[in-house]
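Have a look at the structure below before the remarks.
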Amino acid sequence: MMKEIILIKLGEIVLKGLNRKNFEDTLMRCIRRRLAKIGEFHVRDAQSTIYVEPVHDDADMDEAALCVSRIFGIAAYARACVTEKDLPAIQQAAAEYLKDTLEDIRTFKVEAKRSDKKFPFRSPEICTEVGGYLLEQYPHLTVDVHHPDVVITVEVRDFGAYIRAGLERGAGGIPVGTGGKACVLISGGIDSPVASYMMAKRGLELMAVHFASPPYTSERAEEKVVELLRRVARYSGRLKMYTVPFTKLQEEIHEKCKEEYFTIIMRRFMMVIAERLAREKGAQALITGESLGQVASQTIGAIACTDIVCGMPVFRPLIGMDKEEIIDISRKIDTFDISIQPYEDCCTVFTPKHPRTRPVLDKVVEEQAKIDSEPLIEEAIANVKVRDIL
Ligand code: ATP
Ligand code: MG
């Protein structure tokens with residue numbers, strides 16, 4: 001069996017000048033931590049490429065490649081086979097390792113990089129020799145140096161020779177953790193998991209706050225959110241989920257406030273509680289899945305009335321997106337199928353028949369003042385349940 005490794009090319013981080021070292025270190029840590037769940041790998045960095053090498057022969061390289069494809073900060077990656085630095089060995093390995101690809105295409109070219117200058121063949125010779133051998137082994141192939149179906153790359157490095165075909169596109173973005181930490185308000189819907197993914201892509205470490213209102217919302221509804229966050233964590237890396245018991249506050253709103261203000265007042269309490277938890281855990285911003293005009297609580301006026309209770313930036317990466325565009329991303333990150341499972345959310349408890357789409361702030365504040373909320377907020381926070389999402 002041939003030994004395989006994964007080669008990784010860096011993304012946007014190459015642009016970051018002085019911060020580059022910090023970005024690279026964070027990315028290396030992310031890669032190491034994420035791969036540790038799959039098996040034992042050596043991860044090292046040389047000449048602007050990161051090499052992921054399995055320690056044991058039975059490593060699951062399909063899983064490892066999938067894992068790498070979801071790590072932010074990676075522009076491109078490829079699986080490659082490793083051989084001794086010996087021309088016949090390289091030729092044979094190329095023919096064997098790339099068999100499926102070569103049978104599928106008509107034209108190719110070989111590129112060679114030789115950083116081990118002691119290797120007795122220079123790059124153009126490696127190309128000719130390997131290309132010639134492949135033409136013999138696969139007579140249906142021809143060489144096309146301008147528009148080949150596949151570019152085969154042979155790298156002769158200090159510690160071995162690597163052979164690969166093409167590069168896969170990586171997850172892009174910036175390594176998680178280089179941008180600080182933010183707290184996502186996560187529901188069981190389609191939008192907030194997508195918002196989480198988008199902000200993790202910009203380098204933010206995540207924590208998540210979920211509001212549950214048992215018995216109006218079920219255990220299953222909460223499990224659904226856990227499952228959504230597990231999917232998000234494939235991209236963001238591990239995070240903590242804080243489930244806030246929201247029943248008493250909601251019942252109090254229901255009892256004391258005018259119906260048309262239920263939703264907006266509830267959302268203001270969500271923001272207040274999320275902000276306090278965020279500060280406590282060292283997060284510097286909130287994230288929501290709001291999209292302008294999608295529902296009554298997401299009009300410009302409603303957003304103004306909720307935003308104002310929050311003293312930290314609120315990131316709403318979906319604000320200008322259509323539902324269809326959001327769904328495309330949720331399918332891509334595999335959250336869609338879970339999001340559409342029909343479980344109740346606390347937002348659907350006590351929903352007003354005619355919510356205010358143009359709430360007047362003074363009026364909202366006046367309605368909210370009918371509740372003695374501070375003890376209820378403190379009680380909710382004191383009873384938060386924490387979960388590790390791995
Ligand atoms: P989603 O698909 O994310 O549920 P939505 O379109 O259903 O969003 P709303 O229900 O109005 O919209 O919620 C808007 C945002 O408020 C959500 O994207 C999420 O960030 C937050 N949110 C809603 N319900 C909850 C909840 N139970 N716990 C935490 N955050 C919530
Ligand atoms: Mg929702």
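Quick caveat, the model's predicted, so the values are computed rather than measured. Ligands are counted one by one from 1 in listed order, and the atoms in each one are counted from 1 as well. Positions are given from 1 along the sequence.
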*Close-contact set for ligand 1 against V209 heavy atoms, below 4.0 Å*: 29 (C)
*May I ask you to check if ligand 1 and Q298 share an N or O to N or O distance below 3.5 Å?*
yes
*For the residue pair Y138 and H140, does the interplanar ring angle fall in the parallel (under 30°), tilted (30 to 60°) or perpendicular (over 60°) class?*
perpendicular
*Under the side-chain hydrogen bond (donor to acceptor under 3.5 Å, both in side chains) test, which residues partner K385, sequence neighbours left out?*
E222
_Classify the ring geometry of F211 against F246: parallel below 30°, tilted from 30° to 60°, perpendicular beyond 60°._
tilted
*Option whose closest heavy atom lies nearest to atom 16 (O) of ligand 1, chosen from M266, R267, E222, E290*: R267
*Quick one: does L185 get an N or O within less than 3.5 Å of an N or O on ligand 1?*
yes
*State whether the side chain of K240 and the backbone N or O of V386 hold a donor-acceptor pair below 3.5 Å, judged by distance alone.*
no
*Which ligand 1 atoms does I190 reach within 4.0 Å, using its non-hydrogen atoms?*
2 (O)
*asked:* Tell me whether P193 has any N or O atom under 3.5 angstrom from an N or O of ligand 1.
replied: no
*asked:* Closer than 4.0 Å to some heavy atom of I186 - which atoms of ligand 1 meet that?
replied: 26 (C), 28 (N), 29 (C), 30 (N)
*May I ask you to list the atoms of ligand 1 that are less than 4.0 angstrom from any heavy atom of G289?*
17 (C), 18 (O), 20 (O)
*When the ring planes of Y162 and Y51 are compared, do they come out parallel, tilted or perpendicular, using 30° and 60° as the limits?*
tilted
*Using atom types as modelled and distance alone, determine if a side-chain donor or acceptor of S192 lies under 3.5 Å from a backbone N or O of S187.*
yes
_Heavy-atom proximity to atom 6 (O) of ligand 1, best of H210, R316, Q294_ = Q294
_Using a 4.0 Å cutoff against the non-hydrogen atoms of T288, which atoms of ligand 1 qualify?_
20 (O)
*asked:* Taking CG in L292 as the centre, count heavy atoms belonging to other residues, nucleotides or ligands within less than 6.0 Å. Is the count above 12?
replied: yes
*Please state which part of V184 comes within less than 4.0 Å of ligand 1, counting heavy atoms only: side chain, backbone, both or neither.*
neither
*asked:* Could you tell me, atom by atom, which parts of ligand 1 come under 4.0 Å of a heavy atom of G189?
replied: 1 (P), 2 (O), 4 (O)
*Which ligand 1 atoms are under 4.0 Å away from a heavy-atom of M270?*
24 (N), 25 (C), 26 (C)
*Hydrophobic cluster identity match, M198 and I287, side-chain contacts under 4.5 Å*: no
*Of all the atoms in ligand 1, which lie at a distance below 4.0 Å from a heavy atom belonging to S192?*
1 (P), 3 (O), 18 (O), 19 (C), 20 (O)
*Residue pairs passing the salt bridge (charged side-chain N to carboxylate O under 4.0 Å, His left out) test where at least one lies in residues 35-53, sequence neighbours excluded*: K3-E53, R44-E53
